[in-house]
Each structure stands twice: as structure tokens, then as C-alpha cells.
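Reviewing the structure listed below.
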Amino acid sequence: MAAFGTVFMPKMALATFENNSWTTSSIVPSDKLEFHPGAHVLHYSSTCFEGLKAFKHEDGSVNIFRMDANIQRMAQSTNLLFLPAINEAQLAQMIKDTVGLYLDDVPSPPGSMYIRPTHIGTEPAIGKAAVSSETSLLYVLLSPVGDYFAVGAKPLRLLLEEDGMRCAPHMGMIKSGGNYASALGPISRARKECNADQILFCPNGDVQETGAANFILIDGNEIITKALDSSFLHGITRDSILTLARDAGMTITERNFTVDELLERAQKPGTEAALSGTAAVLTPVGTLIHNGKEFPVGSGEPGKTTLKLRQMLNDIQWGKAEDKYGWLEKA
Ligand SMILES: Cc1ncc(COP(=O)(O)O)c(C=O)c1O
């Protein structure tokens with residue numbers, strides 16, 4: 001399978017916001033967009049996006065996972081960036097229309113169709129550094145994908161970064177390109193210098209998230225993860241995993257915790273850590289790197305609770321377990 005996110009379906013749904021209203025969406029070729037080189041997004045990063053997946057079930061049906069939650073998060077990102085408000089019903093229809101064109105192309109599990117709604121400010125106005133774009137463009141790109149982490153269930157190596165932060169604290173809950181740009185330098189250095197897969201951002205010791213996934217710590221029957229605030233992305237996979245774990249009788253503790261506590265708990269043989277995200281699903285973390293020293297998490301191998309929760313989520317997504325939370329919507 002090609003690298004994650006490098007193959008695209010040839011058509012997509014697109015709508016524009018002009019003269020204070022949204023145009024009817026249309027299906028257009030997905031290999032080009034036309035807008036002015038002075039477009040707001042190119043200069044002042046007025047952009048947000050979403051990432052969700054559609055899954056093929058054994059009966060041939062195609063099912064989109066938690067579309068409503070992703071649309072709500074996109075509406076929130078849009079509002080926090082002062083882009084023109086999206087029409088949530090219209091975006092839902094655009095997603096269904098685009099996926100509906102390619103039902104036969106949705107890969108079977110463990111593959112899926114990755115859906116990337118994107119919203120950008122298009123007003124040609126390079127003097128508007130501190131003023132929002134009055135026009136925008138919304139489109140829904142599709143990319144058939146396999147497993148994001150080609151290494152499969154091989155536990156990840158995370159560098160704990162206490163000095164920097166992923167992005168400005170008021171921007172963390174916005175799924176916006178600028179946040180990824182802000183994290184790129186540190187992550188590139190961590191890869192090169194420590195052979196780390198990701199950075200776990202822990203500004204002033206506060207354990208937050210990595211560049212593209214949330215972080216959870218599993219200590220016996222308890223899951224500990226940072227409580228929601230504006231500083232990090234409110235992952236829909238995080239919410240799904242916590243829901244499944246709670247219903248399976250685990251204790252869910254959403255609170256702030258420090259690097260010291262993390263390293264102390266990681267030393268216990270049964271401790272597990274994992275990253276949650278649409279692409280990562282739930283990927284085991286085997287090693288934490290801190291001040292030049294390496295600390296295995298528990299045994300350093302993929303944890304059994306991590307693998308069990310990952311399976312429970314996949315079973316719902318793949319139509320092998322009852323969708324009792326109503327997370328799937330037929331395309
Ligand atoms: C920075 C960041 N945190 C967390 C997540 C997880 O969010 P979700 O579970 O909604 O995919 C993502 C995206 O996958 C992300 O980019």
C-alpha cells in the first residue's frame with residue numbers, strides 16, 4: 001500500500017462562501033483548486049480540517065465513523081479561526097456525496113477510506129493580517145489508506161519535551177495547519193537526534209499530547225489522560241476509547257499529570273501507554289525518552305489492555321461488534 005495519505009480519489013465535493021452565503025456544493029476534480037495568490041489562507045493560515053474514516057463491512061456496506069462529532073469539531077475550529085461559519089448539514093451531505101462516488105474503492109479492513117474535509121479562507125487581501133477572510137472554500141478530499149503506522153503494533157518511542165509546546169495554548173483545540181507547522185521542527189529534530197517516533201509535548205511538565213494523537217496512560221484498571229482544555233486537540237478516538245473502557249468497567253481519570261508521575265508509573269511492570277487518533281487508532285508506546293535517558297513503559301511491549309481496547313474499537317468500526325453508541329452512519 002502507498003504511504004498513508006498519498007493516493008487521492010479523483011473527485012471531491014466543493015462549496016464556496018461568497019456574498020454572505022454558501023453556494024450549492026458540486027463535484028469537481030480533486031487535483032486542483034483555483035484561488036488568488038493573495039488568498040488569506042496562504043498568508044495568515046486561515047485553515048482548518050478534519051480527519052475521519054469510512055469502513056467497509058462484510059455485507060459490502062460502507063459506514064462512516066462518528067461523522068457528526070467530526071463535523072462539530074470542524075464547526076468549532078471554524079468559529080475559533082473566525083472563518084465563515086459552516087453549514088453542518090451541508091458538510092454532512094458533501095461527505096456522503098463524495099464517499100458515495102467511491103463505495104467500491106473503500107479498502108477492506110484493516111484499510112479504510114480516509115476523509116479529509118478542509119476549510120480555507122480565500123479572500124484576496126494581504127492587508128488582513130488581523131482581520132478574518134470574508135470568503136472561503138470547503139472541500140472533502142478522499143484517500144484510501146491502510147494502517148497508518150506501517151510498523152503495525154510495534155511500540156512507539158516518544159521523546160518527552162518539557163521546554164517547548166506543540167502550539168500556542170489557546171490554539172490546541174483547533175485542528176489547524178499552523179499547529180502542525182509549529183510542531184514540525186521539534187518532531188523532525190527528535191526523529192534525527194533520538195530516533196523518536198513522536199514527541200510527547202509536556203510544557204512545564206504537564207503531559208499533553210503528541211503531534212498527531214492523544215496520549216493515554218493505563219495503570220491496572222485505571223486510564224489516566226489529560227482533562228479537556230483549550231491547549232490540546234479533543235480527539236474523537238480518545239472519547240471513543242474512554243467510552244469503551246468505562247463501559248468495560250475501567251476507571252477513567254481525566255486530570256492533569258506531570259512527567260514525574262508518568263515516569264514513576266511507567267516503571268511498574270503492568271503499566272501501559274498508548275496514542276489514540278483516527279490514523280493511529282490505539283498504538284502502544286514502549287519507550288519514553290527524557291533528558292537523554294530511555295525508560296521502558298511497563299515491559300516495553302504492547303500492553304494487553306491497549307490491544308484489547310484497540311480491538312474493541314476496530315470491531316465496531318469493522319461491523320464485527322454491535323454499534324451500541326450509534327457511531328456508524330451508512331454512506
Ligand atoms: C494533534 C492531534 N491530537 C489528537 C488527534 C486525535 O484526534 P482524533 O481521535 O479525533 O483523530 C489528532 C488527529 O488525529 C491530532 O492531529
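Predicted model, so just to flag it, every value in this text is computed and none were measured. In each ligand, atom 1 is the first atom listed, and ligand 1 is the first ligand listed.
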Which one holds for Tyr180 and ligand 1: side chain close, backbone close, both close, or neither close, with close meaning a heavy atom under 4.0 Å?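 For Tyr180, the contact with ligand 1 is made by the side chain alone.
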Where does His234 meet ligand 1, judged by heavy-atom distances below 4.0 Å: at the side chain, the backbone, both, or neither?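 For His234, there is no contact with ligand 1 at all, from either part.
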Taking the minimum heavy-atom distance to atom 14 (O) of ligand 1, which of Ala212, Ala183, Cys167, Ser240 ranks first?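 Result: the heavy atom closest to atom 14 (O) of ligand 1 is in Ala212.
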Taking the minimum heavy-atom distance to atom 7 (O) of ligand 1, which of Ala213, Ala69, Gly172, Gly235 ranks first?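 Result: the heavy atom closest to atom 7 (O) of ligand 1 is in Gly235.
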So is there a nitrogen or oxygen of [X] less than 3.5 Å from a nitrogen or oxygen in ligand 1?
X: Ile236; answer: yes
X: Glu209; answer: yes
X: Thr210; answer: no

Using non-hydrogen atoms of the residue, decide whether Ser276 is closer than 4.0 angstrom to ligand 1.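 A heavy atom of Ser276 does come that close to ligand 1.
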Between CG of Leu288 and CZ of Phe215, what distance do you get to the nearest 0.5 Å?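 Nearest 0.5 Å value for the CG-CZ distance: 6.0 Å.
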Whether the [X] and [Y] side chains hold a donor-acceptor pair (N or O, under 3.5 Å, no angle test) is what I'd like checked.
X: Asn314; Y: Gln317; value: yes
X: Gln208; Y: Asp206; value: yes
X: Glu272; Y: Thr306; value: yes
X: Thr122; Y: His40; value: no

Same cluster for Leu42 and Tyr139 if Ile/Leu/Val/Met/Phe/Trp/Tyr side chains link at under 4.5 Å?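 Linked within one cluster.
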So which of Thr287, Asn195, Thr210, Ile289 actually passes side-chain contact (heavy atoms from CB on, under 4.5 Å) with Leu159?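 Filter result, single survivor: Ile289.
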At a 4.0 Å threshold, what atoms of ligand 1 neighbour a non-hydrogen atom of [X]?
X: Asn214; result: 4 (C), 6 (C)
X: Arg166; result: 1 (C)
X: Gly277; result: 6 (C), 9 (O), 11 (O)
X: Arg73; result: 7 (O), 8 (P), 10 (O)

Ion pair present between Arg157 and Glu294, side-chain N to carboxylate O less than 4.0 angstrom?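 Answer for the salt bridge query: yes.
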Salt bridge check, Arg73 against Glu50: does any charged N sit closer than 4.0 Å to a carboxylate O?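 Here Glu50 pairs with Arg73 in a salt bridge, since their nearest N and O are under 4.0 Å apart.
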May I ask you to identify the nearest protein heavy atom to [atom], giving residue, atom name and distance to one decimal place in Å?
atom: atom 9 (O) of ligand 1; answer: Thr237 OG1, 2.6 Å
atom: atom 11 (O) of ligand 1; answer: Thr278 OG1, 2.6 Å
atom: atom 13 (C) of ligand 1; answer: Lys175 NZ, 3.1 Å

At their closest point, which heavy atom of Ser143 faces which heavy atom of Phe8, and how far apart are they?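 For Ser143 versus Phe8, the nearest heavy atoms are CB-CD2, 4.2 Å.
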